[in-house]
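As the structure lists them, so they are numbered: ligands from 1, and atoms in each ligand from 1.
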Amino acid sequence: MKVAKFGGSSLSSAQQLVKVGNIIKHDPAIRFVVVSAPGKRHNDDYKVTDRLIDLAIAQKNGLDMEAIQADIIGRYQSMVDDLGLDQAIITSFKLTLNKYLETLKGNYPRLLDALKSCGEDFNAQLITAYFNQLGINARYISPLEIGIIVTDEPANAQLLPESYDLIREWRNQDELLVIPGFFGYSKSGNIVTFPRGGSDITGAIITRGVQADIYENFTDMSYIYSAHPKMIDNPHPIAEITYREMRELSYAGFSIFHDEALEPLYQVNIPVMIRDTNHPEIEGTKIVASRDNIKEYPVIGISSDEGFTSITLRKYLLNRELGYTSRLLQIFEDQKISIEHVPTGIDNITVVFRTRQLTRPNQLNAIIHEIEETLSPEWISVEDDLAILVIVGEGMREVTGIAHKAMTALALEDINILMINQGGSQISLFIGIKIKDQEAAIRGMYQQYFG
Ligand SMILES: Nc1ncnc2c1ncn2[C@@H]1O[C@H](COP(=O)(O)OP(=O)(O)O)[C@@H](O)[C@H]1O
Ligand SMILES: N[C@@H](CC(=O)OP(=O)(O)O)C(=O)O
């Protein structure tokens, strides 16, 4: 039995929905379908989720909402028209949008979550109607009814573990169940969304809940590639990748699969297939617990991500001061900033974090001031245009010369290294460089590992 999740790129138009219908008709093992909101039809297009966010912002700021609402409804209207579905569904979508705009007015975080959920919720209803028209015995089921119960912090839903028992009850259903991705319900009855891209998370939760044999994640790429296809022409397609490798790479820029979506699955060892809606004949990439080709591909992927800040401090005999690191980290915890890396030397220590966590005016200055007051460093420096390259592979533990290749690539490109950190797991190597050097670094490294 399978769960299939279709991403926004697979559901962006009637033409795409026809492909999805064909996939479902030809694979009776798929018993649960999780859907995203309509995504981009072409590069300059908008994602429906982004327009729903615009709508919430417009109401908050007292701006005109008509054009935005027309854009949102227009996307569903064109699919209803092109597929010849019942127009009544559009009226119900308009009523739902208006209901949230009225009942949640003045409560922006809740309004935002409720509106964001409409993208997937409307799509699930529309797709169910289309499946029924095709003669597939399908039923829309809301996250509430199927049992996706989550924490109550807006836009940051975390699944409550009791959900799995509730979802399991639906395991032997005769109908094909169509579930909107991206949100759940809190115990107080609020709609709460997962972080952006979170329909992948819903798919994983349903897969684990119903104890499916496999989770098929349909997108617009035939494989996960060893480097971002926008940076490298014809990159190496990955046949198999482990959960741990994928988690590290998706966290660091492989946006094809949400980094939090593996957690429900790796604990119970259910494989994920990344598949292409436009080429269902291609098997795609399989995410599994272990892979056999480690000698051949000790490194499986290289990625990079920007938007990091690092703060480095130096103090003579720092290593002798008991509790120095802990006091430094406490300053970040007090500021509610979670830390990515803490590379250390004998007399220096660096803290690297995602810059977007600095949300208050002058917060960076406040942190530096606090560090100076509490820890009296001799020297302190800040880098705020940091990109982090990540080289990932289970083979790193066994195969020598991996770091050498990375250093060679950077030396050949004349790129200055600002930080190096190897995770304790020894499956990843992190290298901090300037944002401007990112593309050249990825190209050079790709050549070394896969060229
Ligand atoms: N290593 C990679 N291999 C393949 N695609 C990648 C990789 N890294 C990032 N991507 C991007 O991920 C995109 C698909 O993810 P996403 O937009 O979430 O799809 P969907 O809308 O189907 O959920 C691709 O179009 C591609 O640009
Ligand atoms: N629609 C939501 C959730 C999602 O997962 O979408 P997609 O599958 O298109 O990445 C978003 O844009 O964030």
Side-chain angles (χ1 to χ4, degrees), residues 4-13 16 19-20 23 33-43 45-54 72 75 112-113 115-124 143 155-157 179-184 192-205 215-239 241 245-246 248-261 272-279 282 284-285 287 299-305 390-392 442 446 450:
K5 178 257 172 175
F6 291 89
S9 55
S10 307
L11 307 169
S12 56
S13 65
Q16 290 302 91
K19 295 178 190 168
V20 171
I23 291 170
V33 173
V34 174
V35 303
S36 289
K40 292 185 179 187
R41 292 159 292 189
H42 46 83
N43 274 351
D45 202 9
Y46 54 86
K47 290 176 96 177
V48 165
T49 308
D50 290 324
R51 277 321 252 161
L52 287 159
I53 294 170
D54 292 342
I72 296 163
R75 290 294 297 271
L112 183 61
D113 260 7
L115 288 179
K116 271 155 72 188
S117 78
C118 290
E120 341 304 275
D121 203 43
F122 295 171
N123 227 13
N156 193 24
I179 307 131
F182 192 38
F183 68 101
V192 191
T193 59
F194 292 111
R196 288 301 302 270
S199 293
D200 289 339
I201 304 176
T202 306
I205 291 169
Y215 173 26
E216 291 193 331
N217 193 285
F218 283 88
T219 176
D220 61 347
M221 286 280 156
S222 298
Y223 295 96
I224 298 172
Y225 296 98
S226 285
H228 200 300
K230 284 197 184 121
M231 289 202 188
I232 302 290
D233 291 336
N234 299 319
H236 166 76
I238 299 173
I241 182 168
E245 289 170 333
M246 190 59 208
E248 304 244 3
L249 285 165
S250 53
Y251 187 68
F254 274 30
S255 54
I256 189 158
F257 193 65
H258 200 288
D259 69 297
E260 288 177 32
V272 184
M273 294 294 312
I274 301 293
R275 307 203 54 195
D276 189 344
T277 301
N278 306 312
H279 294 284
I282 296 176
T285 299
I287 310 175
V299 166
I300 199 78
I302 44 179
S303 185
S304 73
D305 204 2
V390 190
I391 302 153
V392 177
I442 288 280
Y446 183 84
F450 302 98

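A donor-acceptor pair under 3.5 Å links the side-chain atoms of Asp113 to the main chain of Ala155, judged by distance alone. Thr202 places a side-chain N or O within donor-acceptor distance of the main-chain N or O of Phe182, the cut-off being under 3.5 Å. Asp50 contributes no side-chain N or O that, together with a main-chain N or O of Tyr46, makes up a donor-acceptor pair within less than 3.5 Å. A donor-acceptor pair is defined here as one N or O able to donate and one able to accept, closer than 3.5 Å; no such pair exists between the side chain of Tyr446 and the backbone of Ser226. With hydrogens and angles disregarded, no donor-acceptor distance shorter than 3.5 Å links the side chain of Ser36 to the backbone of Ser199.
Side-chain atoms of Asp259 and Ser250 form no donor-acceptor pair, as typed in the model, at a separation below 3.5 Å.
How far CD1 of Ile391 is from CD1 of Ile442: 8.5 Å, rounded to the nearest 0.5 Å.
Looking at every heavy atom in both residues, Val48 comes nearest to Ile72 through CG1-CG2, 4.3 Å.
The residues lining ligand 2, counting any heavy atom closer than 4.0 Å, are Lys5, Gly7, Gly8, Ser36, Ala37, Lys47, Thr49, Glu120, Phe182, Arg196, Gly197, Gly198, Ser199.
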Item to check | Pair Thr285-Ile256, side-chain contact (heavy atoms from CB on, under 4.5 Å): steps then yes or no | outcome: CA-CA 11 Å; Thr285 299; Ile256 189 158; over 6 Å; no
Quick check for students: name every N or O atom pair between ligand 1 and the protein closer than 3.5 Å, with distances.
| unit_1 | atom_1 | unit_2 | atom_2 | d |
| --- | --- | --- | --- | --- |
| ligand 1 | 1 (N) | Tyr225 | O | 2.9 |
| ligand 1 | 3 (N) | Tyr225 | N | 3.0 |
| ligand 1 | 19 (O) | Thr219 | OG1 | 3.2 |
| ligand 1 | 21 (O) | Gly8 | N | 3.2 |
| ligand 1 | 21 (O) | Ser9 | N | 3.1 |
| ligand 1 | 21 (O) | Ser9 | OG | 3.4 |
| ligand 1 | 22 (O) | Ser9 | OG | 2.8 |
| ligand 1 | 22 (O) | Thr219 | OG1 | 2.9 |
| ligand 1 | 23 (O) | Lys5 | NZ | 3.3 |
| ligand 1 | 25 (O) | Asp220 | OD1 | 3.0 |
| ligand 1 | 25 (O) | Asp220 | OD2 | 3.3 |

